[in-house]
Amino acid sequence: MEGSLAHLGAGLAIGLGAIGPGIGMGILVGKTLEGMARQPETAGTLRTTMFIGIGVTEAIALYGFVISIMLFSK
């Protein structure tokens, strides 16, 4: 019973840990493209900021992945 709850927790950790960053990256890229369309002269700055934001957002998914591996290996 205890092992199956750890496996369920591992599945929830990676599942919910991937949904949030996925939605966040979609919003981030969409808003960046919207900003580039409105002010094309700031495209370089917006692109750089977008890549930094994607990196930070992706780190959250990696934390979920690591936590799920830790729970699954119990």
Side-chain angles (χ1 to χ4, degrees):
M1 180 71 181
E2 190 174 305
S4 62
L5 287 177
H7 290 162
L8 178 65
L12 287 173
I14 189 62
L16 295 176
I19 287 175
I23 292 171
M25 279 196 285
I27 292 171
L28 175 70
V29 172
K31 292 296 183 181
T32 302
L33 290 176
E34 185 179 311
M36 286 180 185
R38 287 185 182 185
Q39 294 181 338
E41 64 273 1
T42 63
T45 304
L46 288 175
R47 186 176 305 120
T48 303
T49 306
M50 178 187 75
F51 283 130
I52 292 171
I54 286 175
V56 171
T57 306
E58 192 68 31
I60 296 170
L62 290 175
Y63 291 148
F65 179 68
V66 169
I67 288 171
S68 71
I69 287 176
M70 289 171 58
L71 287 173
F72 194 74
S73 64
K74 271 189 154 184

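Keep in mind that the numbers below use all heavy atoms, side chains included, and drop hydrogens, waters and symmetry copies.
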Are side-chain heavy atoms of Thr32 and Thr49 found at a separation under 4.5 Å?
no
Going from CG on Leu12 to CG on Leu16, what distance comes out if it is rounded to the nearest 0.5 angstrom?
5.5 Å
Hydrophobic clusters here meaning ILVMFWY residues chained together by side-chain heavy-atom distances under 4.5 Å, can you tell me if Met25 and Phe51 are in one?
yes
Provide the closest heavy-atom pair for Ser68 versus Ala10 in the form atom of the first, atom of the second, distance.
CB-O, 3.2 Å
Do you reckon Phe65 sits in the same ILVMFWY cluster as Ile67, going by side-chain contacts under 4.5 Å, direct or chained?
no
So CZ of Arg47 and CG of Leu33: to nearest 0.5 Å the spacing works out to 9.5 Å
Tell me whether Ile27 shares a hydrophobic cluster with Ile19, the cluster being built from Ile, Leu, Val, Met, Phe, Trp, Tyr side chains joined at under 4.5 Å.
yes
CG/Leu71 to CD1/Ile14 distance, rounded to the nearest 0.5 angstrom?
11.0 Å
Shortest non-hydrogen contact from Met36 to Leu46?
N-CD1, 3.6 Å
First locate atom CE of Met50, then atom OG1 of Thr45, and finally report the distance between them rounded to the nearest 0.5 Å.
12.5 Å
Nearest heavy-atom neighbours spanning Leu28 and Gly53:
CD2-C, 3.7 Å
Do you know the tightest heavy-atom contact between Ala37 and Pro40?
O-CD, 4.1 Å
